[in-house]
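One structure below.
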Number of protein chains: 2
Amino acid sequence: MDAAPRQTRDVARPTMKDVAREAAVGLKTVSRVVNGEPGVSEATIARVRDVISRLGYRRDDAARELRNGQVASIGLILEDSTDPFYAHLVGAVQDVAQANGMLALTGTSDEDPAAERDLGLALCARRVQGLVIVPAPGADHHYLAPELAAGMAAVFVDRPPVGVRADTVLTDNRGGARAATAHLIAHGHRRIAFLADAPGIFTAALRREGYRDALAAAGIPADEALIAMETPLPEAVRAALRAFERLDRPPTALVTGNNRTTVAVLRALAQAAVRPAIVGFDDFELADLMTPPVTVVAQDPVGMGRAAAHALFRRLAGDDSPARSIELPTRLIARGSGETPPPTPG
Amino acid sequence: MDAAPRQTRDVARPTMKDVAREAAVGLKTVSRVVNGEPGVSEATIARVRDVISRLGYRRDDAARELRNGQVASIGLILEDSTDPFYAHLVGAVQDVAQANGMLALTGTSDEDPAAERDLGLALCARRVQGLVIVPAPGADHHYLAPELAAGMAAVFVDRPPVGVRADTVLTDNRGGARAATAHLIAHGHRRIAFLADAPGIFTAALRREGYRDALAAAGIPADEALIAMETPLPEAVRAALRAFERLDRPPTALVTGNNRTTVAVLRALAQAAVRPAIVGFDDFELADLMTPPVTVVAQDPVGMGRAAAHALFRRLAGDDSPARSIELPTRLIARGSGETPPPTPG
DNA sequence: CAGGGCACTGACAACGTTGTCAATCGTCCT
DNA sequence: AGGACGATTGACAACGTTGTCAGTGCCCTG
């Protein structure tokens, strides 16, 4: 399980000692110059600087961290970097980190709990001061307990942690799905299907609850045949749609539970004659250019990233109040696909 | 310029010494157990393991790196993580890194050369063994020279390095643009406009050359009024399109130089009565669901990421042959927008 | 029963950096 | 003139880990 390439590609890398010898000063003086500490004469500074650039010296953060206990950096664990939602989230976290003078080290778990764990431990081993985590499905975060006890901070995004307490930044999943469903009801639909990710996915389950809330509030009886919880793979989505069509009273409208499902549905229905009204959970880049443009309940990935980063830095600044949970609101963006009325029977 | 939160949040973190004392063994024995080295009795291993998990001990990679010279990790510097093209690229690099037992630390330059430099130096300070870099526009990589001399490996992706020699993985920009333009010519177009990113962008300039190649090969005189090189902002793209329309003989077809430009064009033309034929450079997720579906010259971000990572690992394995440049082919995907003939005059 | 080999174990130094503390020198005050 | 003070400087230890090397005790062979 260890690394494959194990060569000593290291040519002598100059150290402070080399600089000190070359500049004919003490080790500590070089350290002072490198770190901009006061108490060094201009002449000495110039001489040391000169030697540094001549030798191409670069301070070694490993030694620095060993000595100081830590170096300014945080870790960021994503579930999937190719999903635009997470891409925007990571962008926001990195911006905040950079503004705070922190290096953000990012890694991807690829939805694999074991990979998430390995990545988290590797970042901990590098003694990051904090961790922002988008948990992989089924992940267990007990492994973080010793780190948290040792003073590391952690913030979870999009899904709550399992097995440890920590700040969490979530979308108002239930409220958003409720709004999406209510929007379709307001436009006259009574047979509304819900198509989302597997029920084990935290967000998917909550969104289903929001869907049920809206139906109940409108006095529409829930029909389990109108609910499909599937991994958003093309075949699975196509199958679910076919099953809906075969029903005695097929749905006239559809709430999709995440952007991958939405896109899969659009693709499956691309050449369908009739198309149900659609409201998607989570916005996506070209929703406005679809025909018809797709109505969505938008999440705020940038806001989530920012909130998570701020929560993390608040902890790093010493805040040790109990773990908080932040919930960001969603926003319904009506574009057309969700405002078509149901076909009038007869 | 230093970090803001500077608290000592560190509670005593157990070290090998603590484990050794608690387990009543020597320091080196703990090290052996932690690293799975042979020569420790089963009983001792069990005892040490027990203490390790009881104390929540975690090996410190900083000390390890200081001692060993390095720890398995590579760095990855992106220009923009929210661009799907780069998102897929980073995914591929991370996959290969993981397969090689390496941790990939990713950061974003946000198209700022200074940020790229800072990030690169920070990763070097952490003594990553290699760096995969998507250069920010205008970046200068002289700063890497000492690192490369010290045995670090670097591979550049999508754009070549400036000021240092290193392996480079590029798209066949010129050939791709040539193919895109030739496709439109083959469908009868003679007035073909080219709309791409600023001419300072490496890829944009090459793609323009490919466009010119195709026109020349078909004996069509080049018309500078049909070439617009702009940052792909909505207003700039709209303005360029308006300028095209106002020409005496407006273009009947359009080659767009990157996916952001393509999308901006589609959005600007969304409610236009007549739409020129369009071929876009670089595929994008929902191109097939546009009306009409968008014909593109697809790049291979995953292939590029993989090629870059493999090149890097080859270097890490000791290959010190001269720097290579790898060029990946493009693939024209005809979907409809590029196959409409020009309107027959009269 | 001596000697050699083997399995297991631990003392120690060193990696590059920085905080602590002491030394040196020149200047200024009384 | 004597002492004090500030500015500048460097020697040294320690951070946590691992490679080297030197044991220790045991079993096996002759």
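So that the names make sense, note that chain A is the first sequence line, chain B the second, and so on, each numbered from 1.
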Can a donor-acceptor pair be found, under 3.5 Å and without considering hydrogens, that links the side chain of [X] to the backbone of [Y]?
X	Y	result
A:Asn68	A:Gln70	no
B:Arg67	B:Arg64	no
B:Glu111	B:Glu79	no
A:Thr108	A:Asp110	no
A:Asn35	A:Ser31	yes

Rounded to the nearest 0.5 Å, the CG atom of B:Asp112 sits from the CG atom of B:Asp80 at a distance of 12.5 Å
Between the side chains of A:Thr106 and A:Gln94, is a donor N or O closer than 3.5 angstrom to an acceptor N or O?
yes
Query - Residues in side chain to side chain contact (heavy atoms under 4.5 Å, CB included) contact with A:Ala122, at least two apart in sequence or another chain - result: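 Testing A:Ala122 for side chain to side chain contact (heavy atoms under 4.5 Å, CB included), a comparison that skips the adjacent residues, returns A:Arg126, B:Leu103.
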Across all chains, not counting sequence neighbours, the ring pair (Phe, Tyr, Trp, His ring centres under 6.0 Å) partners of B:Tyr86 are none
In B/S/- notation (B base, S sugar-phosphate only, - none; protein heavy atoms under 4.0 Å), nucleotides 15-22 of chain C written 5' to 3' is BBBBBB--
Check: residues 146-153 of chain A side-chain donor-acceptor pairs under 3.5 Å, at least two apart:
{"from": "A:Glu147", "atom 1": "OE1", "to": "B:Arg13", "atom 2": "NH1", "distance (Å)": "2.7"}
{"from": "A:Glu147", "atom 1": "OE2", "to": "B:Arg58", "atom 2": "NH1", "distance (Å)": "2.5"}

(request) Compare side-chain N and O positions of A:Ser41 against OP1 and OP2 of D:dT8 and report whether any pair is under 4.0 Å apart. (result) no
Terminal axes of the helix from C:dC1-D:dG30 to C:dT30-D:dA1 (5 end pairs apiece), angle rounded to 10 degrees, sit apart by 50°
Look for any protein N or O under 3.5 Å of an N or O in nucleotides 24-26 of chain D and output each such pair with its distance, or none.
none

